[in-house]
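Counting starts at 1 for both ligands and their atoms, in listed order.
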Amino acid sequence: MWRRVASLSPLVSSSKSRLLNQVQVAYGFNAWQMFSTQVLNPAEGGVSDSRRTPFVTFVLGGPGSGKGTQCTRIVETFGFTHLSAGDLLRREISSNSENGSMILSTIKEGKIVPSVVTVQLIQKAIETSDSNRFLIDGFPRTEENRIAYERVIGAEPDIVLFFDCPEEEMVKRVLNRNQGRIDDNIDTVKERLKVFAELNLPVIKHYSKKGKLYKIDGTGSEDEIFERVRPVFAALRYPVLL
Ligand SMILES: Nc1ncnc2c1ncn2[C@@H]1O[C@H](COP(=O)(O)OP(=O)(O)O)[C@@H](O)[C@H]1O
Ligand SMILES: Nc1ccn([C@H]2C[C@H](O)[C@@H](COP(=O)(O)OP(=O)(O)O)O2)c(=O)n1
Ligand SMILES: [Mg+2]
């Protein structure tokens with residue numbers, strides 16, 4: 001199903017995209033699927049599915065487990081496009097969008113922004129990118145996030161990385177992060193850790209059951225951790241860039 005979505009995205013105008021989203025809301029099914037099967041038959045001159053199918057990796061782990069740091073390394077070595085859910089949400093706050101103040105207060109409290117907002121930002125980022133391999137960092141953080149993504153995008157991730165790190169180490173890293181983030185303080189971190197254990201671990205368990213999870217020991221130096229990550233991507237086959 002993802003193949004069709006991926007093939008379609010670069011070919012539709014944003015007005016068509018909006019129309020499809022409206023159809024989806026109105027009829028409760030994935031309109032991308034309906035449209036793409038109509039227009040993207042390679043035999044009729046559409047773009048070959050296999051060449052445009054994006055490879056999607058979800059990157060999960062508690063706050064401070066090293067997701068962003070390792071994503072940067074994966075981008076450098078394997079040419080992925082990094083989409084950080086947290087960065088997309090912070091950009092919404094900075095751009096004074098209509099959801100900005102709600103996102104700000106949610107992040108400040110260490111809670112999770114409603115899925116409809118986050119999934120839409122991720123969808124837009126994927127659709128406006130030419131890339132065919134994505135790291136989606138810090139998403140999905142809840143089962144609700146996961147289900148909303150799968151419904152809207154119409155596909156599951158190819159693989160999921162989970163950086164496993166002791167709480168004590170995560171707290172230390174977050175409090176030393178020094179990026180001026182409003183949520184990098186001890187009270188918010190405690191709440192984020194609670195939310196991680198209650199809401200994100202079930203997502204990790206879900207992908208483990210599906211055989212998609214790569215659990216990486218998130219302790220040690222950045223280099224040591226990357227040497228645990230490298231073989232995951234080195235062994236994979238993903239689509240050739242067009
Ligand atoms: N292996 C590591 N050892 C020590 N500090 C690290 C390590 N990996 C990342 N950091 C630092 O810890 C902080 C949190 O890392 P980050 O990649 O932002 O984690 P996350 O995205 O999971 O919250 C950053 O300041 C980063 O530079
Ligand atoms: N899927 C997501 C991702 C992030 N958020 C919010 C709540 C998170 O505590 C903040 C910060 O996320 P971010 O991934 O940047 O945080 P860490 O890198 O794990 O420290 O954003 C969300 O509500 N939903
Ligand atoms: Mg991060």
Next on the checklist: I want to know if ligand 1 touches Asn176 in the polar sense, i.e. an N/O pair below 3.5 angstrom.
Outcome noted: no
Item to check | Residue Gly86 vicinity, atoms of ligand 2 by number, heavy atom under 4.0 Å | outcome: 12 (O), 13 (P), 15 (O)
Checklist entry - Mind checking what makes side chain to side chain donor-acceptor pair (under 3.5 Å) contact with Glu167, not counting sequence neighbours? => result none
Checklist entry - Near Asp183, which atoms of ligand 2 are under 4.0 Å from a heavy atom of that residue? => result 10 (C), 11 (C)
Checklist entry - Looking at Gly68, which atoms of ligand 1 are within less than 4.0 Å of one of its heavy atoms? => result 17 (O), 21 (O)
Checklist entry - Are the ring centres of Phe134 and Phe55 closer than 6.0 Å? => result no
Checklist entry - If you measure from each non-hydrogen atom of Val113 to ligand 2, which part falls under 4.0 Å: side chain, backbone, both or neither? => result both
Next on the checklist: Quick check on the hydrophobic clustering: are Leu83 and Ile93 connected, directly or via other members, by side-chain heavy-atom contacts under 4.5 Å?
Outcome noted: yes
Checklist entry - Is it the side chain, the backbone, both or neither of Met170 that has a heavy atom closer than 4.0 Å to ligand 2? => result neither
Item to check | Side-chain ion pair, Arg146 and Glu143, N-O less than 4.0 Å | outcome: yes
Checklist entry - Does the pair Val203 and Val160 meet the rule for a side chain to side chain contact (heavy atoms under 4.5 Å, CB included), with working shown? => result CA-CA 10 Å; Val203 177; Val160 179; over 6 Å; no
Checklist entry - Mind checking whether Gly64 has an N or O less than 3.5 Å away from an N or O of ligand 1? => result yes
Checklist entry - Identify the closest protein heavy atom to atom 4 (C) of ligand 2: which residue and atom is it, and at what distance? => result Arg141 NH1, 3.4 Å
Item to check | Presence of salt bridge, Asp183 and Arg192, under 4.0 angstrom | outcome: yes
Checklist entry - In the protein, which heavy atom is nearest to atom 20 (O) of ligand 2, and how far is it? => result Arg192 NH2, 2.6 Å
Checklist entry - Between Phe58 and Tyr149, does the ring centre distance come in under 6.0 Å? => result yes
Checklist entry - With backbone taken as N, CA, C and O and side chain as the heavy atoms from C-beta onward, which portion of Ile225 lies under 4.0 Å from ligand 1: side chain, backbone, both, or neither? => result side chain
Checklist outcome for this item: Of Arg173, Lys172, Arg177, the one forming a salt bridge (charged side-chain N to carboxylate O under 4.0 Å, His left out) with Asp184 is Arg177
Checklist outcome for this item: min-distance protein heavy atom vs atom 1 (N) of ligand 1 -> Gly220 O, 2.9 Å
Checklist entry - Would you say Val189 and Met170 make side-chain contact, with heavy atoms under 4.5 Å? => result no
Checklist entry - In the protein, what heavy atom is nearest to atom 15 (O) of ligand 1, and what distance, to one decimal place, separates them? => result Thr69 OG1, 3.6 Å
Next on the checklist: Is the contact between Leu89 and ligand 2 made by the side chain, the backbone, both, or neither, using heavy atoms and a 4.0 Å cut-off?
Outcome noted: side chain
Item to check | Where ligand 2 meets Phe139 - atom numbers and elements under 4.0 angstrom, heavy-atom basis | outcome: 1 (N)
Checklist entry - Among protein heavy atoms, which sits nearest to atom 16 (O) of ligand 2, and what does the distance come to when rounded to 0.1 Å? => result Arg181 NH2, 3.1 Å
Checklist entry - Atoms of ligand 2 less than 4.0 Å from Lys67 heavy atoms? => result 17 (P), 18 (O), 19 (O)
Checklist outcome for this item: The protein heavy atom nearest to atom 19 (O) of ligand 1 is Gly66 N, 3.2 Å
Checklist entry - In ligand 2, which numbered atoms sit nearer than 4.0 Å to a non-hydrogen atom of Arg177? => result 18 (O), 20 (O)
Checklist entry - For ligand 1, which atoms, with element, lie under 4.0 Å from some heavy atom of Gly62? => result 22 (O)
Item to check | Step-by-step salt bridge (Lys or Arg N to Asp or Glu O under 4.0 Å) determination, Glu156 to Lys210 | outcome: CA-CA 11 Å; Glu156 293 186 9; Lys210 295 206 120 192; 2.5 Å; yes
Next on the checklist: Under 4.0 Å, heavy-atom basis, I'd like to know which part of Lys111 is in contact with ligand 2: side chain, backbone, both or neither.
Outcome noted: backbone
Next on the checklist: For Lys108, which part has a heavy atom under 4.0 Å from ligand 2: side chain, backbone, both, or neither?
Outcome noted: neither
Item to check | Shortest protein heavy-atom distance from atom 15 (O) of ligand 2, along with the residue and atom involved | outcome: Arg90 NH2, 2.8 Å
Checklist entry - Under 4.0 Å from ligand 2, counting heavy atoms only, is it the side chain of Val195, its backbone, both or neither? => result neither
Item to check | Over 12 foreign heavy atoms within 6.0 Å of NZ, Lys212 | outcome: yes
Next on the checklist: Show the nearest heavy-atom pair for residues Thr106 and Val113, with the distance to one decimal.
Outcome noted: CG2-N, 3.6 Å
Checklist entry - Below 6.0 angstrom between ring centroids: does that apply to Phe233 and Phe80? => result yes
Next on the checklist: Just to be sure I'm reading this right: ignoring hydrogens, which of Glu222, Arg177, Arg173 gets closest to atom 27 (O) of ligand 1? Compare them by their nearest heavy atoms.
Outcome noted: Glu222
Item to check | Qualifying residue, where the test is side-chain contact (heavy atoms from CB on, under 4.5 Å) with Phe139 and the options are Asn200, Leu88, Val119 | outcome: Val119
Checklist entry - In the single-linkage hydrophobic clustering (I, L, V, M, F, W, Y; side-chain heavy atoms under 4.5 Å), do Val117 and Val152 co-cluster? => result yes
Checklist outcome for this item: On a heavy-atom basis, the closest approach of Cys71 and Leu135 is O-CD1, 3.7 Å
Next on the checklist: Considering both backbone and side-chain atoms of Lys67, is one of its nitrogen or oxygen atoms within less than 3.5 Å of a nitrogen or oxygen in ligand 1?
Outcome noted: yes
Checklist entry - What part of Asn145, side chain from CB on, backbone N/CA/C/O, both or neither, has a heavy atom under 4.0 Å from ligand 2? => result side chain
Checklist entry - Can you tell me which residue and heavy atom of the protein come closest to atom 2 (C) of ligand 2, and the distance to 0.1 Å? => result Gly138 O, 3.5 Å
Checklist entry - Of all the heavy atoms in Gly61, does at least one lie under 4.0 Å from an atom in ligand 1? => result no
